[in-house]
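What follows is a set of notes on a single structure, which appears directly below.
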There are 2 protein chains.
Amino acid sequence: MNIGLLLFIPSRNVENRILAAVNAAGFDVSQAQARVLMRVDPEGTRLTVLAESAQVTKQTAGFLVDQLEKAGYLERVPDPTDGRARLVRVTEKAKGAVPVANAEMARIEAEWEQHIGKRRMAQLREALDMLCEITDPYR
Amino acid sequence: MNIGLLLFIPSRNVENRILAAVNAAGFDVSQAQARVLMRVDPEGTRLTVLAESAQVTKQTAGFLVDQLEKAGYLERVPDPTDGRARLVRVTEKAKGAVPVANAEMARIEAEWEQHIGKRRMAQLREALDMLCEITDPYR
DNA sequence: TGTGTTTAGTCAGATACTCTGATTAAAGTA
DNA sequence: TACTTTAATCAGAGTATCTGACTAAACACA
């Protein structure tokens, strides 16, 4: 099987499981919303940066942020350093989802380690870390 | 960085690059169409199987197959073993895209190997192969 | 300082993708 | 034969995404 698919399958598996866990905990967000939400920095992030990072247009990011704002997961505050810009910030409500996501991620990693072994898990992480250096458009 | 994102980033990078290469070679397909197209078996595949494999509903798979059929990349033939079913098959036209995709994939793998080294690349593949055993919903 | 260019974000409109629910027809089962 | 399941489609709706045009603030520099 080609390595693209080999990366895609577990990647989607993680996405599905974390979203399911977060939804089950009562946070009603979609996958697309979650992809934006998880990229918001604790200190706040500009829309343009979110868009780049999630690899969507500013319009799409704006659309998703609007929804997350309406649902009370995000808020927009003026950017003190730039009058044109606003900072998107996560609300207290959204912060409640973080431990849920982390717990599910930890559960997944434990299962994976169980299946492939501690050594291979470390190798996997190391290789992926290095790959992100050349494949992450937002670094 | 969490391992979900660590998998997602290079995975999307591969998708983007292969799609771009295939598009550049004159095959006018979307990402969603490509995800279905690449899952069609040489001997033909049932719509239901495609849907499961690509993790979308039968309706969505049907919608995408319709478009690919109109564009001449897929055809539907009766399934000789089941009167209800039809087999989706790739046309000669679509087969031309395979070497394009393979060449781009080879290029990507070469670049990656260049960056992380042959040994780590082999370890990566091994770990991912094993992970797919527990994360591939369609195996 | 004033003018032209870039940047951050939004508005409007269109398209693509995906889903839920209901339906038809062919198999499979007892 | 009657009941249940399975493969696929139809109809309709909702979500996500894009292109193009626009406003306002910031920046660059002659």
Side-chain angles (χ1 to χ4, degrees), chain A residues 8 12 15-16 19-20 23 27-41 43-71 73-89 137-138, chain B residues 8 12 15-16 19-20 23 27-41 43-71 73-89 137-138:
Chain A
F8 180 72
R12 169 134 70 165
E15 263 197 356
N16 289 163
L19 186 67
N23 286 162
F27 298 92
D28 193 14
V29 296
S30 69
Q31 187 62 265
Q33 289 166 0
R35 281 201 272 256
V36 167
L37 196 50
M38 75 178 189
R39 286 174 164 89
V40 179
D41 192 83
E43 287 91 51
T45 308
R46 289 190 190 174
L47 190 64
T48 306
V49 172
L50 282 178
E52 270 173 34
S53 157
Q55 291 188 56
V56 293
T57 58
K58 287 184 295 180
Q59 292 88 328
T60 299
F63 172 79
L64 295 167
V65 168
D66 280 347
Q67 296 179 128
L68 287 164
E69 194 174 20
K70 264 182 207 120
Y73 296 116
L74 290 178
E75 59 182 359
R76 287 190 242 225
V77 299
D79 184 336
T81 71
D82 190 332
R84 295 166 302 180
R86 294 202 275 169
L87 290 175
V88 174
R89 281 206 311 220
Y138 175 66
Chain B
F8 180 73
R12 170 136 71 169
E15 263 197 355
N16 289 161
L19 186 67
N23 286 161
F27 298 92
D28 193 15
V29 296
S30 68
Q31 188 63 264
Q33 288 167 0
R35 282 202 271 256
V36 166
L37 196 51
M38 76 178 190
R39 286 173 162 91
V40 178
D41 193 82
E43 287 89 50
T45 308
R46 290 189 189 174
L47 189 65
T48 305
V49 172
L50 281 179
E52 271 173 34
S53 157
Q55 293 188 56
V56 293
T57 58
K58 286 185 294 180
Q59 293 89 326
T60 299
F63 173 80
L64 295 167
V65 168
D66 280 347
Q67 296 179 131
L68 287 164
E69 194 173 20
K70 265 182 208 123
Y73 296 115
L74 291 178
E75 58 183 357
R76 287 190 240 224
V77 299
D79 184 337
T81 72
D82 190 331
R84 295 165 300 179
R86 295 203 275 167
L87 290 175
V88 174
R89 281 204 312 220
Y138 176 65

Rounded off to whole Å, could you give me the NZ-to-C1' distance for the A:Lys58 and C:dA8 pair?
6 Å
Phosphate-side-chain proximity, A:Thr60 and D:dC18, N/O vs OP1/OP2 below 4.0 Å:
yes
Give me the atom names and distance for the closest heavy-atom approach of B:Asp41 to B:Thr45.
N-OG1, 2.7 Å
Report yes if at least one side-chain N or O of B:Arg35 is closer than 4.0 Å to OP1 or OP2 of C:dC17; otherwise report no.
no
Over how many whole Å does the gap from B:Phe63 atom CZ to C:dA16 atom P extend?
8 Å
How long is the line joining CG of B:Asp66 and P of C:dT15, in whole Å?
19 Å
Got a second to check how far B:Arg35's CZ is from B:Thr60's OG1, nearest 0.5 Å?
12.0 Å
On a heavy-atom basis, the closest approach of A:Val29 and A:Ala34 is CG2-CB, 4.4 Å
If only side-chain N and O atoms of B:Arg46 are considered, is one of them under 4.0 Å from the OP1 or OP2 phosphate oxygen of D:dA7?
yes
B:Tyr73 (side chain) donor-acceptor with B:Asp28 (main chain) under 3.5 angstrom:
yes
Once you round to the nearest 0.5 Å, how far does CG of B:Leu47 lie from CG of B:Asp79?
12.0 Å
Between B:Leu87 (CG) and D:dA7 (P), how many Å, whole number?
12 Å
Bend angle of the helix from C:dT1-D:dA30 to C:dA30-D:dT1, from helix axes over five pairs at each end, nearest 10°:
30°
Walk me through it: do B:Asn16 and A:Gln55 pass the test side chain to side chain contact (heavy atoms under 4.5 Å, CB included)?
CA-CA 11 Å; B:Asn16 289 161; A:Gln55 291 188 56; 3.3 Å; yes
Rounded interatomic separation in angstrom, taking CG from B:Leu64 and C1' from C:dA16:
9 Å
Distance test, side-chain N/O of B:Arg76 to OP1/OP2 of D:dT9, below 4.0 Å:
yes
Give the C-alpha distance, both sets of side-chain angles, the deciding distance and a yes or no for side chain to side chain contact (heavy atoms under 4.5 Å, CB included) between A:Phe63 and A:Gln67.
CA-CA 7 Å; A:Phe63 172 79; A:Gln67 296 179 128; 3.9 Å; yes
Please report, rounded to the nearest Å, how far the P atom of D:dT5 is from the CG atom of B:Asp82.
17 Å
Given D:dT19, D:dA7, D:dA16, identify the nucleotide with an atom nearest to the side chain of B:Ala85.
D:dA7
Under 4.0 Å, heavy atoms only, any strand: does B:Gly83 hit a base, just the sugar-phosphate, or nothing?
sugar-phosphate
In whole angstrom, what separates A:Glu52's CD from C:dT7's P?
11 Å
I'd like to know if A:Gln59 reaches the base of D:dG20 with its side chain, counting only an N/O donor and acceptor under 3.5 Å.
yes
A:Leu50 has an atom CG; how far is it from atom P of D:dA16, in whole Å?
16 Å
B:Arg86 side chain to B:Arg76 main-chain N or O, any donor-acceptor pair under 3.5 Å?
no
Judged by each residue's nearest nucleotide on DNA chain C, which is more toward the 5′ side, A:Leu47 or A:Arg84?
A:Arg84
Side-chain N or O of A:Ser30 closer than 4.0 Å to phosphate OP1/OP2 of D:dT15:
no
Look at A:Thr48 and C:dG9 and indicate whether a side-chain polar atom (N or O) is within less than 4.0 Å of OP1 or OP2.
yes
Check every atom of D:dT17, C:dA26, C:dG9 against the side chain of A:Arg86 and return the nucleotide holding the closest atom.
C:dG9
